[in-house]
There are 2 protein chains.
Amino acid sequence: MIQKAIEPDVAGESRLEDLVGYHLRRASVADMNDFVRCFRAEGLRPIPFSVLCAIDEQPGTTSAEICRILGLQRANIVSILAEFDERGLIERHSDPNDQRIQRLSLSAEAKSLLPGWRARVVEREEKLFHTLTAGERRTLCELLARVWKGAE
Amino acid sequence: MIQKAIEPDVAGESRLEDLVGYHLRRASVADMNDFVRCFRAEGLRPIPFSVLCAIDEQPGTTSAEICRILGLQRANIVSILAEFDERGLIERHSDPNDQRIQRLSLSAEAKSLLPGWRARVVEREEKLFHTLTAGERRTLCELLARVWKGAE
DNA sequence: CGATAATGCTATGCGATATAGCGATTAATG
DNA sequence: CATTAATCGCTATATCGCATAGCATTATCG
C-alpha cells in the first residue's frame with residue numbers, strides 16, 4: 001500500500017486493478033450472483049426479469065422491440081418468452097395489421113407479482129451497494145449508462 | 001426528459017433504467033464484446049487475459065491463488081491454463097516443498113507479448129469510454145471496486 | 001410484380017459460471 | 001504418532017448468456 005503511493009505506476013504498465021473492464025466484470029458478476037441467490041425460489045434470473053420489466057414498461061410491444069431495448073438477440077428471447085407463456089406470466093396477441101408480430105403484455109398474475117419483485121430487487125441492490133451512498137449509486141448508474149449507450 | 005424532471009418516480013416504482021444491475025450488465029457486456037472484437041486475432045478473451053495478468057503480477061503463484069484473486073472457480077481455470085501451456089505462454093514448476101501445487105510464471109514469449117496486449121487493452125478502453133473523462137473513469141473504477149469488494 | 005426487409009423461430013456452438021466429486025498431498029488436531 | 005481435516009489440481013456435468021446462420025411468413029417499397 002505504501003509502496004503503491006510512492007510508485008503509483010510502473011513505466012506505463014497497467015495493472016489489472018487499473019482496468020475498468022476488470023471491475024465491471026467483477027461488479028456485474030457479484031450483482032448477477034446476488035440476484036440469482038435472491039430469486040432462486042422464483043426461478044427468476046436477471047435477463048428474464050429485465051424482459052418482464054420491459055414488457056411492463058412497453059405494453060403491447062413485440063419481442064423484436066424488447067430485444068432492441070435490452071440488447072438481446074432475437075433468437076435468445078424465444079425460450080424466455082416461452083417459459084413466461086407457460087407460467088402464465090405473459091400474453092401474446094396477434095396484431096390484426098401485421099401478422100408477423102405478436103403484441104406482448106403481462107398477465108394479471110404477472111401484474112400483481114411484478115411490483116413485489118421489483119421492490120425486492122431494489123431492496124437487494126441497497127444491500128449489495130451498501131458501501132455506496134445514494135448519490136454515489138446515482139453517479140454509478142449515470143456513468144454506466146453513458147458507457148453502454150456510447151458503445152451501442 | 002422534461003416529463004422525468006416533473007415526475008421523477010411513479011409511486012415508488014422502479015424502472016429498469018433505475019436499477020444499477022441493469023446498467024452494470026449492459027456496460028459489462030459492451031466491454032466484453034469490445035474486448036473480444038479487439039483480440040479476435042489472438043484468440044484472447046477477457047478472463048484468460050486477466051489470468052495472464054494475474055500470473056504476471058504474482059509470479060510463482062498457484063492456480064488456486066489466481067482463482068481467489070480473480071474470483072474464479074478452481075475447476076474453471078484448468079482449461080485456461082492448459083491452453084496457455086499448449087501455446088507456450090506459461091510455465092508450471094512443481095514446488096519441492098509442496099507436491100500438490102504448481103508454481104506458475106509467464107514464459108519469455110508471454111513476457112514479451114503481454115505489455116503490448118496490455119497497452120492495447122488500455123487504448124481500447126479509452127475508445128470505449130470516450131464519453132467519460134479521465135476523472136470519471138477513475139471514479140467509475142473506484143465505485144465498481146467498492147461494489148464487488150464489498151460483496152465478495 | 002419483384003426485391004428487400006422485418007418477424008418469430010430453430011439449431012448450434014462457445015464462453016463463463018457453478019456444483020459435486022476424486023486422488024494425492026499436506027496440515028492440523030487429539 | 002495417528003487420525004482427521006484441509007488444500008490442490010483436476011474431471012465431469014449442467015446452466016445461462018450470447019453469438020451466428022438460416023428459414024418461412026409477412027410487409028414494404030421501388
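Since this is a predicted model, take the numbers as computed values, not measurements.
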### Message
Run the ring pair (Phe, Tyr, Trp, His ring centres under 6.0 Å) test against F49(A) and tell me which residues pass, sequence neighbours left out.
### Response
F35(A)
### Task
Rounding to 10 degrees, work out the angle separating the end axes of the helix from dC1(C)-dG30(D) to dG30(C)-dC1(D) (five pairs an end).
30°
### Query
Does OP1 or OP2 of dA19(D) have a side-chain N or O of N76(A) closer than 4.0 Å?
no
### Message
Can you list, in residue-number order, the parts of residues 90-106 of chain B that come under 4.0 Å of DNA chain C, counting heavy atoms only?
### Response
D98(B), Q99(B), R100(B)
### Query
Going by the salt bridge (Lys or Arg N to Asp or Glu O under 4.0 Å) test, which pairs reach into residues 92-106 of chain B, not counting sequence neighbours?
D85(B)-R92(B), D95(B)-R103(B), D98(B)-R100(B)
Between the protein and nucleotides 1-5 of chain D, which nitrogen or oxygen pairs come in under 3.5 angstrom?
none

#### Entry: Under 4.5 Å side-chain linkage, directly or through intermediates, the cluster mates of L132(A)
V20(A), L24(A), L128(A), F129(A), L140(A), L143(A), L144(A), V147(A), V20(B), L24(B), L128(B), F129(B), L132(B), L140(B), L143(B), L144(B), V147(B)
### Task
For the pair D56(B) and R118(B), find out whether any cationic side-chain nitrogen is under 4.0 Å from an anionic carboxylate oxygen.
yes
#### Entry: Connected-component partners of V36(A) among ILVMFWY, side-chain separation under 4.5 Å
none
### Lys/Arg-Asp/Glu bridge criterion (N-O < 4.0 Å) met for D31(B), R124(B)
yes
### Task
Please name all residues satisfying side-chain contact (heavy atoms from CB on, under 4.5 Å) with S94(B), sequence neighbours left out, ordered by chain then number.
none
### Summary
Per the under-4.0 Å heavy-atom filter, residues of residues 35-49 of chain A near DNA chain C come out as none
### Residue pairs, two or more places apart or on separate chains, that pass side-chain hydrogen bond (donor to acceptor under 3.5 Å, both in side chains) and touch residues 139-149 of chain A
E142(A)-R146(A), R146(A)-E136(B), W148(A)-H23(B), K149(A)-E17(B)
### Message
Please enumerate all residues that pass salt bridge (Lys or Arg N to Asp or Glu O under 4.0 Å) together with R87(A), with sequence neighbours excluded.
### Response
E83(A)
### Message
Checking E65(A) now: which residues fulfil salt bridge (Lys or Arg N to Asp or Glu O under 4.0 Å) with it, not counting sequence neighbours?
### Response
R68(A)
